[in-house]
Amino acid sequence: MIVVDSNIVAYLYLPGEYTAAAEALLERDPSWAAPVLWRSEFRNILAGYMRRGSLTFQQVHDLQSEAEDLLSGAEYEVDSLGVLELVRDSECSAYDCEFVALAMKLGTKLVTMDGKVLRAFPGITVALSAGQSG
C-alpha cells in the first residue's frame, strides 16, 4: 500500500505529462490510500477543468466516481495533533501534511510531485517520476 496525494490521482484520470507514470505506479502498486481530504482536493481540480470548458459536468462526475471507486476502503481520517506537529516542523500546508501523516500512520510512502513536501519529508515521500512505490 502507498499513500498518494490528490495530484497523483489527477494525473491518473486527466491525461497529461505524468499520466503514463501514474498508470505505471498503479500497475506496480494498485493499493492506493489517501486521507478523506483527497476528495475535496480532487473535486476542486475537476471544477477547474469544468469551468475552463475542458470537461463537461457529466465527465467531471464520472471521473470523481471512478476515483472514489479506486480509493474505496482506503480513505482515512488523520489525527489533528499529528498533522499540526508536521505543520509546525515544516513549511508545508496542513493539507499536504495530512497526506504525510497518513503515510506515517500506515508505515508506507507518500507518492507526490510536490517539491516542498519532498524536501521537507525525504524519508517518507517519493517522487512519482522516480518510478518508485512503497
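All residue numbers refer to positions in the sequence shown, counting from 1.
A heavy-atom distance below 4.5 Å is not found between the side chains of Arg39 and Leu71. Looking at Glu77 and Val36, their side chains come closer than 4.5 Å, going by heavy atoms from C-beta outward.
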Inset, instruction - Please lay out, stage by stage, how Leu46 and Gln59 fare under the test side chain to side chain contact (heavy atoms under 4.5 Å, CB included). - result: CA-CA 9 Å; Leu46 292 174; Gln59 288 171 316; over 6 Å; no
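Of all heavy-atom pairs spanning Ala33 and Leu106, the tightest one is CB-CD1, 3.9 Å. Nearest heavy-atom pair across Glu75 and Trp38 is OE2-NE1, 2.8 Å. The nearest pair of heavy atoms linking Pro35 to Glu98 is CB-OE1, 3.8 Å. Closest non-hydrogen pair, Ser90 versus Cys92, comes out as OG-N, 3.1 Å. Across all non-hydrogen atoms, the minimal contact from Val4 to Leu110 is C-CD1, 4.0 Å.
Contacts of Arg43 classified as side-chain hydrogen bond (donor to acceptor under 3.5 Å, both in side chains), with partners at least two apart in sequence or in another chain: Ser40. For Glu66, the salt bridge (charged side-chain N to carboxylate O under 4.0 Å, His left out) criterion is met by no residue, not counting sequence neighbours. With sequence neighbours excluded, the residues satisfying side-chain contact (heavy atoms from CB on, under 4.5 Å) with Glu23 are Leu12, Thr19. With sequence neighbours left out, Glu85 forms a side-chain contact (heavy atoms from CB on, under 4.5 Å) with Leu81, Arg88. Among residues two or more places apart in sequence or in another chain, the ring-ring contact (aromatic ring centres under 6.0 Å, His included) test is passed with Phe121 by none. Remark: Ser80 pairs with no residue by the side-chain hydrogen bond (donor to acceptor under 3.5 Å, both in side chains) rule, at least two apart or across chains. Evaluation of the side-chain contact (heavy atoms from CB on, under 4.5 Å) rule for Ser54 yields Tyr49, Arg52 as partners, not counting sequence neighbours. With sequence neighbours left out, the side-chain contact (heavy atoms from CB on, under 4.5 Å) criterion links Gln58 to Thr56, His61, Asp62.
Between the side chain of Ser6 and the backbone N or O of Glu41 there is no donor-acceptor pair closer than 3.5 Å. Lys105 contributes no side-chain N or O that, together with a main-chain N or O of Asp79, makes up a donor-acceptor pair within less than 3.5 Å.
Remark: of the listed residues Asp29, Leu102, Ile2, Ile2 is the sole one forming a side-chain contact (heavy atoms from CB on, under 4.5 Å) with Thr108.
For residues 70-118, the set of pairs meeting the ring-ring contact (aromatic ring centres under 6.0 Å, His included) definition, not counting sequence neighbours, is empty. Residue pairs meeting the ring-ring contact (aromatic ring centres under 6.0 Å, His included) criterion with at least one partner in residues 11-35, sequence neighbours excluded, are Tyr11-Tyr18.
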Enumerate, atom names and distances included, each donor-acceptor pair closer than 3.5 Å involving a side-chain atom of residues 111-118, sequence neighbours excluded.
unit_1	atom_1	unit_2	atom_2	d
Thr112	OG1	Asp5	OD2	2.4
Thr112	OG1	Asp114	N	3.0
Asp114	OD1	Lys116	N	3.0
Asp114	OD1	Val117	N	3.1
Lys116	NZ	Glu91	O	3.4

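A distance of 6.0 Å separates CG in Leu70 from CG in Leu26, rounded to the nearest 0.5 Å. Atoms CG and CG, from Asn7 and Leu128 in turn, are 10.5 Å apart once rounded to the nearest 0.5 Å.
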